[in-house]
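Worksheet: the structure to be examined is printed underneath.
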Amino acid sequence: MGAQKLSGPDDAAESQQTLSAEIETIETEHKNAVAAGKPAETQPRLDYPPYRSSILRHPTKDPRHTDPETIELLSPAFGHRDLANLESDLTIQAGGEPIGERIKVTGRILDGDGRPVRNQLVEIWQANSAGRYIHKRDQHPAPIDPNFTGVGRTLTGDDGSYSFTTIKPGPYPWKNHHNAWRPAHIHFSLFGTEFTQRMITQMYFPSDPLFALDPIYQSITDQKARDRLVATYDHNVTEHEFLMGYNWDIVLTGANRTWMEEEDDD
């Protein structure tokens, strides 16, 4: 008899077909509700069953009030002197050039009325071009790039603009279900004047075939709201024989605000 394959922790996991059917059902229910006159859901559902871990970890009680002044006594303040210019270029932070497609991501941070948010601390983190994070919990079989840290930060200008030069991240597997893959994305963290104002979101790339399969992306049931997470290719940002350019604005408030995630999302 041939060698028997040992079972692993993912063997009993649900299939993508099962998850996709649940996603489609929720999508249809949302469309029918909107057609019946209910407002569109522009923010993610905290309890979204296809995103399996949200079933157990979503909030079940009302938020508790804290004293912001006490918290802010322990929070640092950031200024231009705290950030080096090189921190916004993730391709030159290590000893050599990282592997992958070099890109520039630029845009503006705006409030709900379209006004620029100045001097906003913007941080990003991402996987490398092979879909691997430099993190002890990321152990899937993809190479680590020794010349890519995957983290950067900058401050917005007077017009609310920001810019990062980096490497286009690759998709990566995760444990939500069998053969689950996350679309390529970059995490964005934004600070206001205090740490209690921190907001986190994700930027995606156009035409990713994994969009329809991803429960985190699909937890926003309104298509227009999902579209606001996707950057636009911008040939005016693209540089001749050097990099590809993308534009992505972040709206902090109002009906068209950008989705912000819970801090422990993948």
Side-chain angles (χ1 to χ4, degrees), residues 5-31 41-59 99-101 103 124-145 148 150-151 166-189 200-223 225-231 248 258-266:
K5 182 180 177 182
L6 297 176
S7 61
D10 291 334
D11 286 356
E14 296 161 292
S15 68
Q16 180 65 61
Q17 288 81 358
T18 298
L19 272 292
S20 294
E22 293 182 16
I23 290 172
E24 184 176 357
T25 298
I26 295 172
E27 178 84 2
T28 300
E29 291 173 350
H30 175 259
K31 288 181 178 179
E41 298 179 26
T42 60
Q43 294 296 301
R45 295 186 180 184
L46 299 181
D47 181 11
Y48 185 72
Y51 184 7
R52 290 299 189 239
S53 64
S54 73
I55 298 174
L56 296 177
R57 73 182 187 186
H58 75 278
I99 301 299
E101 178 186 344
I103 63 172
I124 64 169
W125 65 95
Q126 62 170 94
N128 65 19
S129 61
R132 182 79 182 268
Y133 288 97
I134 301 180
H135 194 288
K136 64 182 180 181
R137 291 177 57 189
D138 188 352
Q139 298 295 323
H140 84 278
I144 291 177
D145 189 336
F148 188 70
V151 295
T166 185
I167 296 297
K168 188 175 182 179
Y172 59 81
W174 63 308
K175 300 294 186 180
N176 188 70
H177 55 278
H178 182 69
N179 202 18
W181 289 81
R182 293 248 42 228
H185 60 278
I186 298 176
H187 296 266
F188 276 70
S189 167
I200 300 175
T201 187
Q202 298 178 15
M203 186 207 83
Y204 297 87
F205 294 88
S207 304
D208 195 309
L210 294 172
F211 283 159
L213 308 178
D214 181 47
I216 292 180
Y217 180 78
Q218 293 293 332
S219 68
I220 306 172
T221 53
D222 181 67
Q223 183 62 55
R226 290 198 295 260
D227 291 343
R228 290 196 287 270
L229 296 179
V230 182
W248 189 56
T258 305
W259 164 63
M260 298 295 167
E261 68 178 39
E262 297 296 317
E263 291 197 25
D264 53 358
D265 280 352
D266 294 290

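No hydrogens, no waters, no symmetry mates; every other heavy atom, side chains included, goes into these values.
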Worksheet, complete the sentence: For Asp138, the salt bridge (Lys or Arg N to Asp or Glu O under 4.0 Å) test, sequence neighbours excluded, returns Arg132
Worksheet item: Considering residues at least two apart in sequence or located in another chain, which fulfil the salt bridge (Lys or Arg N to Asp or Glu O under 4.0 Å) criterion with Arg228?
Response: none
Worksheet item: In chain order, what residues pass the ring-ring contact (aromatic ring centres under 6.0 Å, His included) check against Phe188, with sequence neighbours excluded?
Response: Tyr162, Trp248
Item to complete: Apply ring-ring contact (aromatic ring centres under 6.0 Å, His included) to Tyr204 and list each qualifying residue two or more places apart in sequence or on a separate chain.
Response: His185, Phe211, Tyr217
Rounded to the nearest 0.5 Å, what separates atom [atom1] in [X] from atom [atom2] in [Y]?
X      : Y      : atom1 : atom2 : answer
Ile134 : Trp125 : CD1   : CH2   : 15.5 Å
Thr166 : Ile103 : OG1   : CD1   : 6.0 Å
Arg45  : Ile26  : CZ    : CD1   : 6.0 Å
Asp222 : Lys31  : CG    : NZ    : 10.0 Å
Leu229 : Thr201 : CG    : OG1   : 5.0 Å

Worksheet item: Are Thr18 and Ser15 linked by a side-chain donor-acceptor pair shorter than 3.5 Å?
Response: yes
Discussion item. Is a donor from one side chain sitting under 3.5 angstrom from an acceptor on the other, for Gln218 and Asp214?
Written reply: no
Using modelled atom types only, decide if a donor and an acceptor are shared between the side chain of [X] and the backbone of [Y] within a distance under 3.5 Å.
X      : Y      : value
Gln126 : Ile167 : yes
Asp145 : Gly150 : no
His140 : Pro173 : no

Item to complete: Go through the steps to decide whether Phe148 and Ile99 satisfy the test side chain to side chain contact (heavy atoms under 4.5 Å, CB included), and finish with yes or no.
Response: CA-CA 8 Å; Phe148 188 70; Ile99 301 299; over 6 Å; no
Discussion item. Does any part of the side chain of Gln223, heavy atoms only, come nearer than 4.5 Å to the side chain of Asp227, both counted from C-beta?
Written reply: yes
Worksheet item: Side-chain contact, heavy-atom cut-off 4.5 Å: Ile216 with Tyr48?
Response: no
[X] versus [Y], closest heavy-atom pair with distance:
X      : Y      : result
Asp208 : Ala184 : OD2-N, 3.3 Å
Pro169 : Ala127 : CB-O, 3.4 Å
His177 : Leu213 : CE1-O, 4.4 Å
Asn176 : Pro215 : ND2-CG, 3.6 Å
Leu19  : Pro50  : CD1-O, 2.9 Å
Ala142 : Ala130 : CB-O, 3.6 Å

Response to the item:
Across all chains, not counting sequence neighbours, the side chain to side chain donor-acceptor pair (under 3.5 Å) partners of Ser219 are none
Item to complete: For Glu27, check side chain to side chain donor-acceptor pair (under 3.5 Å) against everything at least two apart and list the hits.
Response: Arg226
Worksheet item: If you count the non-hydrogen atoms of other residues, nucleotides and ligands that lie under 6.0 Å from CD in Glu24, is the total more than 12?
Response: no
